[in-house]
Amino acid sequence: MDYQFSAIEKKWQQFWAVHQTFRAHDTADKPKYYVLDMFPYPSGAGLHVGHPLGYIASDIFSRYKRLKGFNVLHPMGYDSFGLPAEQYAIQTGQHPAITTEVNIARYREQLDNIGLSFDWSREIRTSDPAYYKWTQWIFMKLFNAWYDQDADKAQPIDSLIAHFEHNGSTGIHAAADENIRTFTASEWHTFKPEEQRREILKYRLAYLRESTVNWCPALGTVLANDEVKDGVSERGGYPVIQKKMMQWSMRITAYADRLLKGLETIDWPEPLVEMQRNWIGKSVGASVFFDDIEVFTTRVDTIFGVSFLVLAPEHELVAKYTSALQQAPVNAYIEQTKKKSELDRMAEAKVVSGVFTGGYANHPLTGEQIPVWISDYVLAGYGTGAVMGVPSGDQRDYLFAKRFELPIIPINDAQQLTEQADPTKSGQYINSAFINGLTYEEAVPVLLNALEAKGLGKARINYRMRDAIFGRQRYWGEPVPVYFKDGLPHLLDEKDLPLLLPEVDKYLPTESGEPPLGRAEGWKYQGTYDYELSTMPGWAGSSWYWYRYMDAHNENVFASKEAVDYWKAVDLYIGGSEHATGHLLYSRFWNKFLKDLGCVAEEEPFKKLINQGMIQGRSNFVYRVLDEEGKGTNTFVSYGLKDQYKTSALHVDVNIVTNDTLNLDKFRQFRPEYENAEFILENGRYICGHEVEKMSKSKFNVVNPDDIIENYGADTLRLYEMFLGPLEQSKPWNTNGIEGAHKFLRKFWKLFHDADNNFRVSDDSPSPAELKSLHKIIKKVEEDIERFSFNTSVSSFMICVNELTDLKCKNRVILQDLCIVLSPYAPHITEELWSLLGNKPGSLSYAPFPQFNPKYLIESEFAYPVSVNGKMKMNLPLSLSLEVPDIEKEVLANADVQRFLDGQTPKKVVVVKGRIVNIVI
RNA sequence: GCUCGGAUGGUGGAACUGGUAGACACGCAGGACUUAAAAUCCUGUUCCCGUUAAGGGAGUGCGGGUUCGAUUCCCGCUCCGAGUACCA
């Protein structure tokens, strides 16, 4: 054996751990660079080969930045609160903390095997009380804050109270609940303390609100939207109903505009930015009152085209407008909608439906009586839950009007109303009273003024985004640092943090339907007051964790001012795009809040973000031959011959298949029933079929990185994961091909050794060809890493090593620099060779990246491709010192070119110096 | 439906600002070494025509266009993937 990867990799992993090679120091003598991975939830299944893709990429980047002279912070930790551990606890009684501990140990072992250069001295776990103390602390800050729209930032709640005491509610522009009261300062002083508290709660950024939740009576718990499939719980399939509950919420909507604006300042993938934009869903329009029915519209200019109003069936005014005569059909429709929304909301061809309430409301400008309808195309949760129906301008309104024979009033002379609505803004208004003859730009301010003068409407901006529910009726999460007194929430003292998660006998809801924390014996604040029984959602701990890495052990503050001012924000963040509207939005929200408080330095937490693609599974199949009755036999036919038989395809473990060839012995051992399996082979082999599917245990296509590392080593795994394709692209894992990456490392090793594996390099001065090869790779790797094109670097390394092998290069100067350039990708083998070259062990991680010198790449000649009519015909080597007219002369004088011309005179000759010659005939 | 990606040999992919399509690797075929196998090394490998060769033709999902020249730019489609879903 020549290249002993196992021994080498263990040796250097140990060396790095013992010497704390990758420990980042909070010093400012080098420029800082912060590279972050999305920290994992430590699941019981461990890592499969898809998980480390992003970690390897960020590790290469981190190592590269260190070589480039940056002080790199590259930490790792665990998002260790979460449902699977709780589910397991319910089933087994095992405390989630224990399961989590075991899983983390396994994750750590797997991560260590890959040779990732994390600074483990900063490790964090969201379920660690020393960590969640600060999650609770931030919650308290949010509770004690309100959003001042005049200053466009969060302010301490005391400033609001002071304002109430001196000026009452006048002059306050706040993001708050809709039912806030107006009062004078003296009225405020007459309020009872509870009354004042209740009013203040409406302004807090963390507040209690009655929200509808997915309640599953059978499981006794609230489910997230994605835990509900087709109206039943994903786990167990029990019915789920909508239930109103008092819930903690986060006033993220206060930050909607800043979250939107911030998107322009960050370097994120466009699809992700777009997703956040849509999620926030800003629309600029107006709210208009038809009597007491408030509608939201983005097209106030079409107001004279209104021929009906539509309320959502759940709208609170439905009852008021419903006439005695229409009572029965309206009720029937409401019932029908309820069922529909639960069962088949996704119905493809949506039929237009709705019912007239029998009531009318007055048009705010014409005073006309407008019929009020209900229909399920109007959603209770968006805007005001009511719309004005303008059939000529809106397609849905048009279909509704057609269906129920309501008038379609043209309102713009540019409208084409043959078969559908026309939302044009380009013409002049007609049938529109005082805006007749005006253009869109002219009409809107006129209308807004008219509406505002009557107090029946005003410009309004609406957001699709809702405030985020912040409570979970679960055990394994951060306790909310709140107790209740007279039915109102009060914060704990800061000195009482962390509020520890209490022990419970079971991880299930109580008999009375309270969350699991209700089971904690004697768990009361000061022995008297009830604590909040829900816990925080999964996103709480992950919405600020990058700051804790900056100062992971500080007991006085979540991160010191000095640490925050030095590390500022994450320079590069790598993770999956599935967090687009969850984690990445909430993190930006908390970051802005912490900025408002003056606790952090930057408005945006993640400067640059890269989404690594999903690694899919690649399943293998065997084909069991079926007998005449369609029953399975014990004979399996190879893929190429399967069409000659009746067969059924069965998943087979990809780990007993090599390059789609089945290992027959291992297959016979795979399951007892296959012990005597017979095979119909092709060319002496059993070829398996294959298909790309999700990587999962049930499909037998899970590949464990540990197995790859055992067979080929971590350096091979790292190279191969990168070699597989562009980082951002989704691709199936296919172990076929890993040999190529491994062979490359062995060739690289051989450059430093003679035929008997003795280390041998020469001290001669390098040849021009060797220097050219080296400087080509220096340039290429720099360019590739800066644009996150890791796959092309690996190819270039292969080319470089092939060239140096052909040149029989043994040159120390060349090989030493090549070691540095390759080290981010294959850190173990390069550390070994680096120390064999006589360098101080471990110093490779901080060696200076070789300086690219273009002079080694200068060519004197270039083989010009000569095309005729754009088709490449031949190469013609010419001196690069030749100018265009001389090149043309040389080319046309060439005998082979003349043969292609076949006596014809070229119409045109295009010459691009150093690139191409094209002859047009 | 809308938004955003994507489509290149048997496979993964390369071609960065329009300039030699298929780099690099896998697989496959043939050969060397070997009693044999594994490992290693060498040669070939987009497709079609041409017995080998010389040579010729086609070719980057499909149909058009711009250009001396298009995988790359523009217009119209097809298929695949992701997100979102009556957003007023």
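Predicted, not measured: the structure shown is a model, and the values here were computed from it. Each chain gets a letter, A, B and so on, in the order its sequence line appears, and its residues count up from 1.
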Item to complete: Report yes if some heavy atom in the side chain of A/Thr297 is under 4.5 Å from a heavy atom in the side chain of A/Val300; otherwise report no.
Response: yes
Fill in: Close side-chain approach of A/Tyr398 to A/Val390, heavy-atom, < 4.5 Å
no
May I ask you to check whether [Y] and [X] place their ring centres under 6.0 Å from each other?
X	Y	value
A/Phe790	A/Phe723	no
A/Phe400	A/Phe308	yes
A/His742	A/Tyr720	no

What contact category does [X] fall into here, base, sugar-phosphate, or nothing, at under 4.0 angstrom with non-hydrogen atoms?
X	value
A/Val378	base
A/Pro726	sugar-phosphate
A/Asn791	sugar-phosphate
A/Arg685	sugar-phosphate
A/Val920	sugar-phosphate
A/Lys780	base
A/Asn802	sugar-phosphate
A/Thr792	sugar-phosphate
A/Asn278	nothing
A/Lys743	sugar-phosphate

Can you tell me the base-pairing partner of [N]? Count Watson-Crick or G-U wobble geometry only, both distances below 3.5 Å, and say none if there is no partner.
N	answer
B/G69	none
B/A82	B/U3
B/C28	B/G44
B/C16	none
B/G22	none
B/U35	none
B/A53	none

Pick the [atom1] atom in [N] and in [M], then give their distance to the nearest Å.
N	M	atom1	answer
B/A21	B/G31	P	34 Å
B/A23	B/C77	P	35 Å
B/C28	B/U60	P	29 Å

Worksheet item: Mapping A/Gly725 and A/Asn736 to their closest nucleotides on RNA chain B, which lands nearer the 5' end?
Response: A/Gly725
When the distance from [atom1] of [X] to [atom2] of [N] is rounded to whole Å, what number comes out?
X	N	atom1	atom2	value
A/Asn462	B/C87	CG	C1'	8 Å
A/Phe723	B/A25	CZ	P	7 Å
A/Tyr377	B/A85	OH	C1'	17 Å
A/Asp660	B/G10	CG	P	16 Å
A/Arg396	B/C2	CZ	C1'	12 Å
A/Glu270	B/G83	CD	P	18 Å

Fill in: Point-to-point distance, once rounded to the nearest 0.5 Å, from CG of A/Leu719 to CZ of A/Phe748
10.0 Å
Worksheet item: In terms of base orientation, is B/G9 syn or anti, with the syn window spanning 90° either side of 0?
Response: syn
